[in-house]
Every structure is written in structure tokens, then in C-alpha cells.
Colleague: 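Handing you this structure, nothing more for now.
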Amino acid sequence: MAEMITFREGVLEALFEEMRADPSVILMGEDVGAAGGVFQQTKGLFEEFGARRIIDTPISESGAFGMAIGAAMAGMRPVFEVMFGDFMTLCMDQLVNQAAKVRYMSNGAATVPLVLRTTMGVGAGLGPQHSQGFHAWAAHVPGLKIVVPSDAADARVLMKAAIRDDDPVLFFEDRLLYAAKAQARDADESLPLGRGRILRAGRDVTLIAIGRMVGVARAAAEELAREGIEAEIVDPRSLVPLDEALLLDSVKRTHRALVMDAAPLRYGVTGEVAAVLSEKAFDWLDAPVGRLGAVDTPVPISRSLESFVCPTPARVAAAVRKMM
Amino acid sequence: MAEMITFREGVLEALFEEMRADPSVILMGEDVGAAGGVFQQTKGLFEEFGARRIIDTPISESGAFGMAIGAAMAGMRPVFEVMFGDFMTLCMDQLVNQAAKVRYMSNGAATVPLVLRTTMGVGAGLGPQHSQGFHAWAAHVPGLKIVVPSDAADARVLMKAAIRDDDPVLFFEDRLLYAAKAQARDADESLPLGRGRILRAGRDVTLIAIGRMVGVARAAAEELAREGIEAEIVDPRSLVPLDEALLLDSVKRTHRALVMDAAPLRYGVTGEVAAVLSEKAFDWLDAPVGRLGAVDTPVPISRSLESFVCPTPARVAAAVRKMM
Amino acid sequence: MGASTKRAVSGGLSEAQGVSEDSLRLYRTMLLIRHFEESVRRLAAAGETPGLVHLCSGQEATNVGVVLALAEGDYIASHHRGHGHCIAKGTPIDLLLAEILGKAPGICGGRSGSMHVVDLPRRNLGTNGIVGGGIPLAAGAALAARARGTGEVAVCFFGDGALNQGLLHECMNMAAIWSLPVIFVCENNGYGEFTAMEDVTAGPSINARGEVFGIPSVTVDGMNVRAVRAATLDALARARAGQGPSFLVCNTWRYGGHHAGDKQDYKDDEETKRWQALDPLITFAKTLVAEKRATEDELALIEEEVARQVKEAVAFARAAPQPALETLELHVHG
Amino acid sequence: MGASTKRAVSGGLSEAQGVSEDSLRLYRTMLLIRHFEESVRRLAAAGETPGLVHLCSGQEATNVGVVLALAEGDYIASHHRGHGHCIAKGTPIDLLLAEILGKAPGICGGRSGSMHVVDLPRRNLGTNGIVGGGIPLAAGAALAARARGTGEVAVCFFGDGALNQGLLHECMNMAAIWSLPVIFVCENNGYGEFTAMEDVTAGPSINARGEVFGIPSVTVDGMNVRAVRAATLDALARARAGQGPSFLVCNTWRYGGHHAGDKQDYKDDEETKRWQALDPLITFAKTLVAEKRATEDELALIEEEVARQVKEAVAFARAAPQPALETLELHVHG
Ligand SMILES: Cc1ncc(C[n+]2csc(CCOP(=O)(O)OP(=O)(O)O)c2C)c(N)n1
Ligand SMILES: Cc1ncc(C[n+]2csc(CCOP(=O)(O)OP(=O)(O)O)c2C)c(N)n1
Ligand SMILES: [Mg+2]
Ligand SMILES: [Mg+2]
């Protein structure tokens, strides 16, 4: 399959395929049914699978998500949609105190095979309560797995892997990638969670990026290449499990690293990744591990301000230049 | 005042003093009234201030905390109790999408002067849903301030400072410290948030610890001293604002650092602190910045297992030895 | 939900019954909201509004009927469809529109936009991007008012969609046990996004959702500004007398669908026509003329003036500068 | 809450009405729970139970009346006061007690303890340390049963304290709109920790909290095991017939206070005496003798046997080893 698909289609195809293959897969969320999702991200599912498997919930995030956990414990494989990542705040109790701990608390006898699918993304003027991504919180909770796909092809295979995984998996989709296209990979290829990939080889610095930041890293790398600086881009794909070996291997070759994220920098995921690299690649580093994240403010709606919130190719390139 | 007070008394004294001084200070929580708090941490307040200011809420954490925010916007200074930090999960929406953002969203015209007071602590056999501390989550949210006091005297002055602060402040109390005594400091001394302190001077390594980990660091430092290793102990007291200058100054003198926390290590607060030190003290470091946190599992109740969850003096000392 | 929730208590108390409203003020404010919203719709279509805007055209009677009954010191907490509440509570429309466009002179510096307008000096705790998010804020302000003994009342607005947020139930329960001076106002427009209220909302009636906590609950014709005002005045009297919360279910209609740009294929034309006939402006204009409070010409004059005001606000907001980059990190902490 | 919630529907259907219960099985199970709990109380006093334990002595009739009416495949979700539910659902008491003591052969490896006993093979979704936490788990299991069409029913237990968690309302609403085979069982023992239910719970009745969603709701004498069983069988029949959820409010009493060790100064002696007279074991024993289902001697024999069983479980659990350190990080992920 060499077809170009959008990120939105990538996830949707994965849902179609997994739902066809396994009747225990169900989808729950707000307006995911006949309406096809507020981002058209569930279009066609309701027509094929009907109201028993594509379940429109009331605006009751915490109860509905808790029910998805109960359904998972009772043998289903729910995919639960939280429309905007900002509303994950309403599911934290069920996520952390129930879903994440059931396997442990039952000594392995019970599992919670569910996917919490949600969106994030700064850049559409949605403002303080509709732009956040809480992957850092989730990554801090033992028992959860965290996936942040960066393109359509990955989104498709990673969603398939997430659905097949027997643990609760959080799947963060950047809305700003929804229309971006990539070449789909083979339909049967299912990737185990926890394998990163090198998107661009380079000898001078390792750019570690997830989700939409991968594209930013790519643009920065092109800019830097014109100056003779060759950046390697590594996308860990999942934050938990984290492909530490791949990251360390790259950094030990390039001797420099910059870790990027689209959520606020402070106490976010870049700290963990940078701390791991700083510790485990200490003797290989020629410069301190750099970090770039969003500014530590709520996200303003104003266009003039919003475009300065997240790392940009120019900021990435500037940070790399300083390291050299 | 050279009197010895327990941690529990330290916080309680601060509440008495601030409530006497300012009628807009109120306290809300479950069983905080006539019952005096499930940890006896609010004893006597109800008798002095009555039901209008010491408010027993139903078990409705999210609504009650949201109301505390509304009350704060309307001129009160609520102290809101979340009995176990694990239940903060139920307040995340109000905390993050409302409290943290009101000042920003109103362009500075509205403030939310409240304290969310909660407990944490591994070591009392309370198990997976009653042992967690989510200071890492809160620290990641722009607009919140995070305090983790390590002894009775600090608990008292920091609670006073938190109540007087015009921003939402999260105040994490380790239940295992409740009975521990320290010498109270002068009644009027009120500490601005964001100032750390050096608890023990040492030339060989900097141990950075908060809350109950400070005591663990102390015990480790004594053990190490017997071997001729002099550890400096720095308690930043608040994670936001973080006293970076103090930490960096210490590390630049000792050339080694170990960051400790009682919550799960992965994507927790030690990552941020270690990343900051690794970056900003890069040229001064003789060894990678070390980190110790709780194991990345839910907290088991069994005594034999629970005692291995958090860093112990022996583990700290061993980690330091490896660095030397 | 059964049919009973659709049956509305018709309003329209006469002045003899103690309602000394300024009818023209009600009308003018509703008209201002309508013109404002229709301008926002055009600006949105032209791509000038960042993010999402949710318009309240059609719901003016609930906005104005409630808010204009309040005293200046009373609080409101609004929701994502909240421009009307802000306007009725007194936020100048030029500053409101500048905010919606994300411009520097916006009431929140152009950082917050349509869904996060906080105007505390006017005791507006904010529009809100979180469904149900404003409910505890109002209840908390009521708690503060009670603690201070200063007599203010707080109102929270929310849509039918928020009926299923547990937060509402928690706050209603607390408001009831503590007899808080808070009024819960459900602006029931029959849909939450693209989902019909009936499909996601169980039980015999919406009123019952308040009655279950012992809260006096009434269904109001939300297209009739006087009915809404009368019900609000009742609730206010109870609140100020220390008799606690009330719940008003105002049945109303959002003309423009969920957000500016919604195509609304999930609605049928019948339904739309039925509601359009109840347009709060058209019906109230007829009443005013019939009651000889104004002639059609006078009303036309008001409309001209309102249109001019809105036009000026549009010109102001469009011409206003974007916020300066230096403001990006201001006011995160004190 | 008004007095009405205290008025209980008295139970005790005769076999002619279709109840073919094994009365002695009900009695024996209740007795087993009582002996078990009193042993736990002693172990707690001796400092042998890590953390907090919440005992259900006094509440055996609600535990047993509900759970023994279920089929093996039916699910339960319990709460922090949940030993009785686990025992009734079939978790062997030695493994349960070992779990409560944090010992290796505990049903969850000694890692979870009293508040987090998950026993999925017996379709027990777990006791729960989060007030209300089990409610959506049961509703979700019911959703799964409906999706599969396999006919199982799910029951969630919760205390009166959980009535004010928004989560309950959300789940009741969804159970109602989707006609889920779930039974909501409130074990109303009049207190949440040290707070009287009436002080924090608004509204005319607890039943109304279910009725507001159109859920058939009934108040049951929670000290009468047959009354509880009868109400459960009604609810089960509705659930299995696809008629959706039910709500049972079982009025009951926790003898030992909130947690083992609670001094209970917040209760008055009058109240305690009144409830003690209703002790589900004493009253049911009398009934059994009066109905000639058993002699007093036979009941004494049962008690002896139960006491022996519990004694053996105590010996087993106390002698059992602590979990090995190697298990600490097992089963976090698959
Ligand atoms: C907690 C939360 N969940 C979901 C949304 C997305 N959302 C925004 S408006 C809306 C529908 C609200 O419906 P209703 O309350 O009836 O208000 P209306 O739009 O009809 O005025 C939804 C689901 C949100 N903003 N917040
Ligand atoms: C979400 C949450 N809030 C608070 C607590 C602390 N807590 C444990 S039990 C309890 C009281 C519960 O009362 P009720 O539901 O009536 O059950 P009972 O103990 O009376 O059986 C409280 C407040 C908790 N465990 N979870
Ligand atoms: Mg609506
Ligand atoms: Mg109770």
C-alpha cells in the first residue's frame, strides 16, 4: 500500500480494521456516532458498526470513561474519545486510581485493555482551555502507556497496536496534524509499542521530538543543513515504554541532544528525557542536553501571541547553533 | 519562640493565626469541622471560627473545590483540604482549567487566592489509592505554585505564606511527618515562596530533597560523613517558584548532585530539576546528576513491599558512593 | 425526557404584579445582542475570529431576562455561548468584540477570546470553555456572599448538555444544604453540539434535576423575556431572603447551531420554523407595540442606533492592534 | 433529608411468592461475614492489618441479600467497606484475610489489601478506596454484557456518602438512557466518616436520586436479608428482561464506626441501641426458629462451624509469609 493518507484517515483506518477484526472493540465518546466526530475523525464508523458499538455519550466524561474501564475489565476493548485533551482533567480519577492500577491490584488477574484517545495542539486559536496536552501527567503514572504519533502512517499502526495492547494506552493526536499526509505502510504491519524511529540521520546533534514537534524538527534540520550542521531526528513514538536504547545510541554518536515538546516546558516530559540522557550519556556529551517546550503560560487565543507559544523551526535551529 | 512543635501543629497554628488575622480566610473539606479532621489536623478550628468559616463539605471533591475557586474570585481566601492527595484526581479540572488560568485569562484583573492543602506519603500501609502525591502534575501547570514543606517550622511559615499569596498554592503534607517535631521559628516570620534553604553544608555532593525526603537525605548524609563524604542538603521548599540560584550555587561548589522525591521517578519532578542542573551546571559537574524516586509501580500495602517503594538512607548513600 | 419538559410556564406579568421593568431596556439589550452576534457570525465566516465561537442568537430572552433582573453587585458565571450574558452584564461591546478577535484592547487583553471572557469588575466570573465549568464558580461566589453577609446573589448559566455533568449535581446539593443565594439557569436549547437533549438525558423532567435536591425548580418560556425576568425576580427574592437556591429551566433555541459555521443537518426544518415563530425579538416587539409602549417607528429607531453601535464596535475591534509579544507571559503569577 | 428515607419497605416474601431461597445459606453467609469482620477487628487492634480497614458488621443483610441473589456470571463492584461483598461473592476467606494482612497468598498477592481486593474470576470488580469509584466499573460491565448479549447483570454497592459524588449521577443517567442491566445499591448506614448523612445530603428522599433519572427506586429494610433479597430479585428480573437499571436504598448500620478503631463519639447511644435491636443476625435467627427452618441448636452448630472456619483462616493468614521483594514491580504492565 503506497497510498497517501491523512493523519485523520490513518487513525480512522486503524479503527475500521480493528473493529472488523475484533467484535470486542467498541468506541465511546461525544458526538462520535451519526455526527462522525467533531473533527470528522470517526466518520463512517456508526454506519458500519451501529449504535451498540459506536456509543455517543452524554457530556459526562468522568462517568463515561469509568464505564469504559468497567467494560474493559469485563472483556471489551473500548476506545474512549476525550474530545479535547484539556478535558482529560475530568477523567483523571478513573484513569489513575482505577485503570492504571487494576492489573497491579489484581496481581495480574485483571486487565484494562482500553485506549484513551484524545487531541491536543496549539495553533488554532482555541485558547487556554482547548489547547493543552497532558501526556506528561499520564507518563508519570505507573500502569499507563503513552503514545504520541507524529505522522499518518505511524498514527495508523500505533493505533492498531494500542487497541491490541492489554494495558490502558493513552493516544495523543495533535489536531494540527489531522490534515497532514504520509505514505501508509503495509496494512498488516503492527508495531509493538516502545520502538522509536530515526527519521533523519545526522552526525552533529540529535533532535528528539514527538507528535507535531517532529515536523518542526525536520524543518529546523533542513535549515541547519544549509549551514553544514547535520541533525539526526529521533521520534520515540511512545513516552512509556520509552525507547531509551535508541535515544542513547543516537546521542552517543552525535554528542549533542535537544529534546522538544509542544506542552509547557516546566516539569514536562523533556525534563525526564533530558535527565536520562544527561545521566546515561554523560561521558559522551559535548554540550548540555538542551530542551525546548511551550512557554509556561496558558495558551492565548490571539494569533500574534499564540504563534510564539510552541517551539518553531527557527527557535530549534537557534538552540542548536548555540550548542555547537 | 523556641518551642518544639509537630508538623501537624505547625500547619494548624498557621491556620489559627491567619484566620484570626483575616476574616476572609475560610477552610473547606471533609470532616474538618467538629470532627477536627481525620488526621486531627484541624482540631479546634471549628470551635473558634464556627460553621460559617470551617465548612464540612459532602464527598463532592470536584464541586466543592470549584466552589472554593469561585469564593476566592469573589474575595475570600479559602484553604481547601483534599484528605488524601490521591483524590486530587477529582479536582484536576477545576484546578487546571479554572484556578490556574483565571489570572491570565482576566489579564490580571481577577485572582484566585486559595490554598489546596493535601496529604501524601508512603509508609502507612494505605496502598495504591491512598499513598500518592501529584506534585509533579501540579508543577507542570502554569499558574500554580507548589510547596512541599519538610519540617514543622517550615510547614508553619510556608502555610502562612501560602495563605497570603494571591495565587493558587498547592501545599503537600507528608502524613509520615505529622508527628515529627521541630523548633518553631518566630511567629511573625513569613517566608516568601520560592526561597530554598541549605540544611547541612558539605563539599562533596549536593542532595536535593523535598518533604519527607529531607529527613532521608539527612540520615544518608550522616552515614556518608562517617566515610568521609560530606553531603550538602538543599531543600528548595517550593517546586514553583523554584530557587534555581540556590541549587546551582550549591552544585557548582560540590560538583555532584542527587535529586530525590517520594513519588514515582518516571516523568516526576526529579527529571526537571536534574535537567536544569545538568544544563546550567554542565561545566561544573564531575558526575552525572543522579536521581532517586519511588519505584514506578502502584504502592502496595504489604509491609515487606512498601518499605522498598521510596528512597531510603541506605539507597541514597549507595547512590552517592557510586558518584564519587 | 418526556414531553413535560417542553411544556413551559408562560410569563408576562403585568406591572400591577410588581414588575416595574423598563421594557425598552430589555428590548434594546436583546437587540444589541442579536446584532452583535450576527456581526460575529460574519467575522467568523471571514476568518477573523480565532478558534471557535458559539453564538446565542435566539437565546437573547434568557440572557437578558435573567441578567437585567440582577443588581450590579450580583455575580454571573456564563458558558461557551456567553456573549449575551457579558453584554447584558455591562461589558462594553467594543472591548468584548476586540477580545473575541484576540486584539490588544480586548477586555482580557485579547488573550482569552470568546470562551474565556472574565470581567470581574462587572462581577462576571467568565464565559467558560468547560461544559459546566462555571457552575461551581457561581456557587462559590454565593458562598462568599453568604460568608460576608453582603447579600449578593450569584447566577450560573449552563446548557442542557451540562445537565449530565456530575458537577452540576454536586453543586446543587451543596447549594441546597447550605441555602446558598445562587440561581441555576439552564438554557435548554434542545441540543448539545449535534446531539439531541432527549438522546442523552434521562428522567421524567429537567425540573426534577433540581427538585431532587429540594430546590424550587420551574420551567420557563425562554423565548419570552418577561417570563424569564419574572421567574428570576422570584428566585432573587428567595435568595436574598436567605431561602437558598432556585433552578430555572429556560426553553430556548440557538438559531445558528453549535458554533458559527455549523450546517445543522441534524435538525429538521419543521422544528426550526416552529422556533423561529417564537423569536424573542419579533414577539416582544409586537407586544411593545400592542401595549403602546413604543411605535414601530420608535423600535426601528432603536434598531438603527443599535446597528450603529455594533458597527462602531466592529470598526474598533477590526482596527485594533494584536497584543504585543511582551504581554505573552504576563499575569501567569502575581 | 426528611424522615421519609428512614421509612423502609418491609420485606419477607414467602416462598409462595416465588422466592426459593435457601434461608440457611443466607444465615450462614451473614454469620461468616460477622465472624470474619470481628476477627479483622481484633487483628487491626493488634496492629496486624496495614493501613485502614472498614468493617461491615451490621451490614450483612445488605451484602448477602443482594449478592446471593446473583448468578455466578453477574458482576459486582464494591467499596471500601467491602469484605462482606467479597465473601458473599465467593472469595475464599483465607485468601481474603491473607490479602487484608498483606500476605503473599492473599487473593491479590498481598499488595492490595482491604480497600483494593479485585477478584475478577469471581466477577468481583473490586473493593475500592475511592468513594464512588466502583460505580462506573459496574455500569461499564453492564454495558459489556449488553454489547455481548450474554445476559449478565452488574451490581454496584456504595455508601450514603457516595450519593453526593457527581459520578453517581452521571452513571445513573447513562444506565437509564441505555437501559443497562445494572443495579445501584446504596448501603445507607447514616454516616460518611463522622458526618451524618442528613447534614450533607439535600432533597426530599434518597429514592428521588434514582427516580430523577426514571430509574425504579425503592427503599429497603437493609437489616432484613429477605427484604433485600426480594428487592434484588425484582431488580434482577427487570435487568434481565432488558428493562434497565434499578436503585435500591438499603437502610442499615455499621456497628464499628467508620474504621476499625473509630471511637464514634459523634453517635448517640439511643441511636445505637435502636439499631442493635435490628441486628440482622439476631432477627433472622429468630425468624428461622419461628418458621421452624432450624432449631436454636442447629443454629449454634452453624455458628460453631463458621467460627472454626474463620479461626482457620486467621491461623492461615497470620502464618502466611509476606510477599517476596521480587513481586514488587510485577504486573504494572503486561
Ligand atoms: C467538559 C467538556 N466536555 C465537552 C466539551 C465540548 N463541548 C463544547 S459545547 C458542547 C455542547 C454543550 O451543549 P449545551 O450545554 O447544551 O450548550 P449549547 O451549546 O447547546 O448552548 C460540548 C460537548 C467541553 N467544552 N467541555
Ligand atoms: C473520593 C474520596 N473522597 C474521600 C474519601 C475518604 N473517605 C473514605 S470512606 C468515606 C466516607 C464514606 O461514607 P459512605 O459512602 O457513607 O460509606 P460508609 O463508610 O458509611 O460505609 C470517606 C469520606 C475517599 N476514600 N474517596
Ligand atoms: Mg444545548
Ligand atoms: Mg455511610
Side-chain angles (χ1 to χ4, degrees), chain B residues 23-26 28 51-53 55-78 80 90-91 93-94 96-114 141-145 165-169 193-194 240-241, chain C residues 75 77 99 106-113 115-121 123-126 128-130 132-150 152 154 156 165-175 177-178 180 182 323 327 329-334:
Chain B
S24 66
V25 179
I26 57 174
M28 300 174 70
R52 285 273 154 128
R53 294 182 66 194
I55 301 171
D56 265 333
T57 70
I59 310 174
S60 306
E61 283 85 358
S62 104
F65 181 60
M67 286 176 63
I69 300 168
M73 290 179 76
M76 309 305 285
R77 303 185 89 83
F80 186 88
L90 291 157
C91 303
D93 187 61
Q94 287 69 43
V96 171
N97 284 322
Q98 314 296 342
K101 295 181 171 49
V102 162
R103 185 190 278 271
Y104 192 86
M105 296 194 302
S106 69
N107 209 17
T111 55
V112 181
L114 70 73
V141 179
L144 304 178
K145 292 176 179 167
D165 197 285
D166 280 340
D167 285 313
V169 179
L193 299 179
V240 181
Chain C
Y75 291 92
E99 186 58 42
I107 187 80
C108 306
R111 304 131 62 99
S112 300
M115 279 198 285
H116 320 88
V117 178
V118 185
D119 188 2
L120 200 58
R123 301 250 157 148
N124 180 347
L125 301 167
N128 217 307
I130 303 298
I135 296 168
L137 301 185
L143 182 87
R146 193 196 61 154
R148 283 193 303 256
T150 40
E152 298 98 336
C156 52
Q165 283 287 26
L167 191 61
L168 173 64
H169 304 264
E170 294 187 2
C171 292
M172 281 187 160
N173 181 60
M174 285 182 277
I177 57 173
W178 297 329
L180 297 182
V182 57
T327 66
E329 301 188 53
L330 286 184
H331 306 307
V332 177
H333 289 296

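Chain naming here is simple, since letters A, B, ... match the order of the sequence lines and numbering starts at 1 in each.
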Colleague: Checking heavy atoms, do the side chain of C/Leu180, its backbone, both or neither come under 4.5 Å from chain B?
Modeller: side chain
Colleague: Need one label for B/Ile55: side chain, backbone, both or neither, based on atoms under 4.5 Å from any heavy atom in chain C.
Modeller: side chain
Colleague: Quick check for you: to the nearest 0.5 Å, what is the distance between B/Ile69 atom CD1 and C/Leu125 atom CG?
Modeller: 11.5 Å
Colleague: Test your reading of the model: is there a side-chain donor-acceptor pair from B/Lys101 to the backbone of B/Val96, 3.5 Å cut-off?
Modeller: yes
Colleague: Relative to chain C, which segment of B/Ala72 carries a heavy atom at a distance below 4.5 Å: side chain, backbone, both, or neither?
Modeller: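 Neither part, no heavy atoms under 4.5 Å.
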Colleague: Going by heavy atoms in the side chains, are B/Leu114 and B/Phe65 under 4.5 Å from each other?
Modeller: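 When only atoms from C-beta onward are counted, B/Phe65 and B/Leu114 do touch, with a gap below 4.5 Å.
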Colleague: Can you check side chain to side chain contact (heavy atoms under 4.5 Å, CB included) on C/Trp178 and B/Met67, steps first, answer last?
Modeller: CA-CA 12 Å; C/Trp178 297 329; B/Met67 286 176 63; 3.8 Å; yes
Colleague: Do B/Ser62 and B/Asp93 come within less than 4.5 Å of each other through their side chains, counting heavy atoms only?
Modeller: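 Heavy-atom side-chain distance check fails, nothing below 4.5 Å.
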Colleague: Check side-chain hydrogen bond (donor to acceptor under 3.5 Å, both in side chains) between C/Gln165 and all other residues, then give those that pass, not counting sequence neighbours.
Modeller: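 Per chain and number, C/Gln165 pairs via side-chain hydrogen bond (donor to acceptor under 3.5 Å, both in side chains) with A/Glu61.
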Colleague: If you tally heavy-atom pairs under 4.5 Å against chain B, which of C/His333, C/Met174, C/Glu170 wins?
Modeller: C/His333
Colleague: C/Asp119 versus chain B, heavy atoms under 4.5 Å apart: side chain, backbone, both or neither?
Modeller: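 For C/Asp119, there is no contact with chain B at all, as no heavy atom is under 4.5 Å.
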Colleague: Only pairs under 3.5 Å count here: list side-chain donor-acceptor contacts from residues 103-112 of chain B, not counting sequence neighbours, and write none if there are none.
Modeller:
unit_1: B/Arg103; atom_1: NE; unit_2: B/Asp167; atom_2: OD1; d: 2.8
unit_1: B/Arg103; atom_1: NH2; unit_2: B/Asp167; atom_2: OD1; d: 3.4
unit_1: B/Tyr104; atom_1: OH; unit_2: C/Leu328; atom_2: O; d: 2.7
unit_1: B/Ser106; atom_1: OG; unit_2: B/Val102; atom_2: O; d: 2.9
unit_1: B/Ser106; atom_1: OG; unit_2: B/Arg103; atom_2: O; d: 3.2
unit_1: B/Ser106; atom_1: OG; unit_2: B/Ala109; atom_2: N; d: 3.2
unit_1: B/Ser106; atom_1: OG; unit_2: B/Ala110; atom_2: N; d: 2.8
unit_1: B/Ser106; atom_1: OG; unit_2: B/Ala110; atom_2: O; d: 3.4
unit_1: B/Asn107; atom_1: OD1; unit_2: C/Arg111; atom_2: NE; d: 3.4

Colleague: Answer whether the closest heavy-atom distance between the side chains of C/Val117 and C/Ser112 falls below 4.5 Å.
Modeller: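 They are not in side-chain contact.
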Colleague: Name the member of B/Pro142, B/Pro58, B/Pro241 that forms the most heavy-atom pairs with chain C at distances under 4.5 Å.
Modeller: B/Pro58
Colleague: Using non-hydrogen atoms and a 4.5 Å limit, figure out which bit of C/Leu168 sits close to chain B: side chain, backbone, both or neither.
Modeller: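 Interface part for C/Leu168: neither.
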Colleague: Considering only heavy atoms, which portion of B/Asp166 lies under 4.5 Å from any heavy atom of chain C: side chain, backbone, both, or neither?
Modeller: neither
Colleague: Output the distance between atom CG (C/Leu143) and atom CZ (C/Arg148), rounded to the nearest 0.5 Å.
Modeller: 10.0 Å
Colleague: Out of C/Arg123, C/Glu99, C/His116, which one racks up the most heavy-atom pairs below 4.5 Å with chain B?
Modeller: C/His116
Colleague: Is C/Leu330 in contact with chain B via its backbone, its side chain, both, or neither, using a 4.5 Å heavy-atom distance?
Modeller: backbone
Colleague: When heavy-atom pairs shorter than 4.5 Å are enumerated against chain C, which of B/Arg53, B/Gln98, B/Met28, B/Lys145 gives the highest number?
Modeller: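 Sorted descending by pairs with chain C, the first entry is B/Gln98.
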Colleague: Below 4.5 Å from any heavy atom of chain B, which atoms of C/Leu137 appear? Answer side chain, backbone, both or neither.
Modeller: both
Colleague: At a heavy-atom separation under 4.5 Å, does B/Asp165 approach chain C through its side chain, its backbone, both, or neither?
Modeller: neither
Colleague: Between B/Ser24 and chain C, which part of the residue has a heavy atom less than 4.5 Å away: side chain, backbone, both or neither?
Modeller: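 No part of it gets close to chain C.
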